[in-house]
There are 2 protein chains.
Amino acid sequence: MKKNQQGQGRATLRDVADAAGVSIMTVSNVVNGKTARVSDEIRLLVKEKIKDLKYVPHLRGRGLRLAKDFAIGLVMLHPERRFLNDPFNTEVAAGMSNKLAQNGYGLLIFGAQNSKDLENKLPRISQLDALAVYIFGDTAQRDAVYTKLAALGLPMLLIGDEANDSLADASFVRQTNEEGAFQLAELGLSNGARKILFMRPDHFWPAMAQRELGARKAAAGRADVETMICTEINFQAVVSQVKTRLSANPPDFVMGGNDLFGIAATQAALQLGFSIKKDLMITGFNGFAFREYSMPLLTSMRSPAYEIGEAAAAALLKRITKGSFPGGKVLNVEFLPGDTCA
Amino acid sequence: MKKNQQGQGRATLRDVADAAGVSIMTVSNVVNGKTARVSDEIRLLVKEKIKDLKYVPHLRGRGLRLAKDFAIGLVMLHPERRFLNDPFNTEVAAGMSNKLAQNGYGLLIFGAQNSKDLENKLPRISQLDALAVYIFGDTAQRDAVYTKLAALGLPMLLIGDEANDSLADASFVRQTNEEGAFQLAELGLSNGARKILFMRPDHFWPAMAQRELGARKAAAGRADVETMICTEINFQAVVSQVKTRLSANPPDFVMGGNDLFGIAATQAALQLGFSIKKDLMITGFNGFAFREYSMPLLTSMRSPAYEIGEAAAAALLKRITKGSFPGGKVLNVEFLPGDTCA
DNA sequence: CTGAAAGCGCTAACAC
DNA sequence: GTGTTAGCGCTTTCAG
């Protein structure tokens, strides 16, 4: 029966309790659906007052008591400052955000360009309930970051990677990169490809490595595979790099590690007067919206990035509410026909 | 001198206080830099213990006491479920996230497809310190959403819109859409354009309206302007809509309300055998990365979306820490030369 | 079935 | 300069 400050500021449990003439605990029980502990009559009365006062539980108070934040972090270590420029990241974020919001959780997004940059954000990150992490770099670099993040003691879900045994409280969600690339390579091979050029960026990325591996497995004993590493600074730079490579030693099949590379190869081929599909087959990987902006339409593989985000959120939610992670999940990529290959 | 639970769980003020043999308040004062109230000797000792115990202030406790969350929301009402597919949204989010993280704040992202969808997320949204909102729809629709959001009592920053007088605690950040479109139109007009076709999506968007207005102002008395409304369901559908329109009644200048429309027009023109730039000039708007994937390169206008995100975050931070919003901010778009117009 | 007490971690206000 | 008190809003525990 303290300062029942109706009207000013948000209503609290105490406001509702006073209005209903019951104790604060009874209101709490009603709010949390502990129906067995409250009589129907009182329950209805309390519910009415809750509506009247527009009472919404304060996450701060509840969080302090329960040691929870109702917020999950998505940490992306990506060489670009505009880390969200990559549609893969973006779709993962959208999928997570939507899924979490449905469950009353919020998604906090943290981009870092390198390990040191990440350091500064650790104090804020450490206050969350759990983390989804999407980290670029080679195995050693990624493991170093995972270890550092794991030290925060938060449940962690790895995106696009497999959970290492050294990570105690972790799981993962990834997609079938190797299988997808295998399938694309098979398509080219069955249409006569004998000299394959695989294009990938100059920074390491597990997905890229898996795609290259898939291509090489398919080609083993049937075709040569060479890898071209492109500095991804800007699109036009990639186009001229490919152009040079195509004129010097022309392959019959260019496999872009992602659609950007496939599109760059398409433009290079066009500029050099190659007959695409006949002289030179081209494929990409990912199948995000911008793929359609390039002509002829790039043959590609759709990455279920949005679904990966949803699955990541679901796994994290399960870990938080049920106490344990589900096993790692692998989502399938899907063939996207186009006009640049067979 | 209670349970000094060193080792298990995160350290608290009490742990540090016990370790240093001082009171909890002294530690708090050190942590918060209230240096005038603590002797140098003690300050150093406490700082050492803080490092030893890896103490990080718990935002939950601090937040409860101070009625703060150290988190800001970005609410986007966008017809697409994958709301982050729009690079504009994405860059705004990245800019905000980076800027906020530098200041120890987190960014929570909420996408909603319509007003009802938003309703479900309100309870979670209401727990934040402030909101940036980016809402599509006509003036009435946007105002309705602003009003609903304003009822939460949170400081609000409007993105891509001007703050309405009816909004008590609000500011805005937008870009010079009208001026940019005026400039693009002028370019076409000075190169002989007399029949302009302006393409925009079937849902309303303030930025679009401003761009159309800019084009019409430039053309007034010098050229005809017609508007074509496209159902933006998918890219190929837009291409065929333009194709039909171009053959039926060919303009000499197509102004795309954004790059997607400009690129669609480019592909349509190519398929119809128009000579781009000579028979038909084309421009777009936004200048995000994917613009380069289309050939010939679209003449366009760069939108400073990332910078808008940074400015939005800065304004919100000022409001939260200093108590008042800065005035609205208008950022300039920037001409991007290309090969589709003059 | 209902309520009173205790305390999550922190800081403003006020003693000493 | 330093410490004590009170309490932000909530839920677990335990009496009634």
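Worth knowing before you read on, the calculation uses all heavy atoms, side chains too, and leaves out hydrogens, waters and symmetry mates. A note on names: the letters A, B, ... follow the listed sequences, proteins ahead of strands, and every chain is numbered from 1. Just so it is clear, the model here is predicted, and its values are computed rather than measured.
Of the side-chain N and O atoms in B:N29, none sit less than 4.0 angstrom from OP1 or OP2 of C:dT11. Neither OP1 nor OP2 of D:dC8 sits under 4.0 Å from any side-chain N or O of A:T12. At C:dT2, none of the side-chain N or O atoms of A:T26 fall inside 4.0 Å of OP1 or OP2 (strictly under the cut-off). Under 4.0 angstrom from either OP1 or OP2 of C:dA4 there lies no side-chain N or O belonging to A:S23. Remark: A:S39 is in phosphate contact with C:dT2, judged by side-chain N or O atoms under 4.0 Å from OP1 or OP2.
Side-chain N or O atoms of A:S171 include none that pairs as donor or acceptor with a backbone N or O of A:L157 at under 3.5 Å. No donor-acceptor pair closer than 3.5 Å links the side chain of A:R81 to the backbone N or O of B:N98.
Over its length, the helix from C:dC1-D:dG16 to C:dC16-D:dG1 turns its helix axis by 50°, as judged from the five terminal pairs at each end, rounded to 10°.
Taking the side chain as every heavy atom from C-beta outward, A:V31 and A:R62 approach each other to under 4.5 Å.
Residue B:S28 places its side chain closer to C:dT11 than to any other of D:dG3, C:dT11, D:dT11. Ranking C:dG9, D:dC10, C:dA5 by closeness to the A:M25 side chain, first place goes to C:dA5. The side chain of B:V22 lies closest to D:dG3 when the candidates are D:dG1, C:dC10, D:dG3.
Electrostatic pairing of A:K49 and A:D15 does not count as a salt bridge here, judged by no charged N lying under 4.0 Å from a carboxylate O.
Between B:G111 and B:K121, the shortest heavy-atom contact is O-NZ, 2.7 Å.
Of the residues in residues 59-67 of chain B, those with a non-hydrogen atom less than 4.0 angstrom from any atom of DNA chain C are B:G61, B:R62, B:L64, B:R65, B:L66.
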Working for side chain to side chain donor-acceptor pair (under 3.5 Å), residues B:D161 and B:Y146:
CA-CA 11 Å; B:D161 205 349; B:Y146 293 149; 2.6 Å; yes

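Within the 4.0 angstrom heavy-atom criterion, no nucleotide atom of any strand lies near B:K68.
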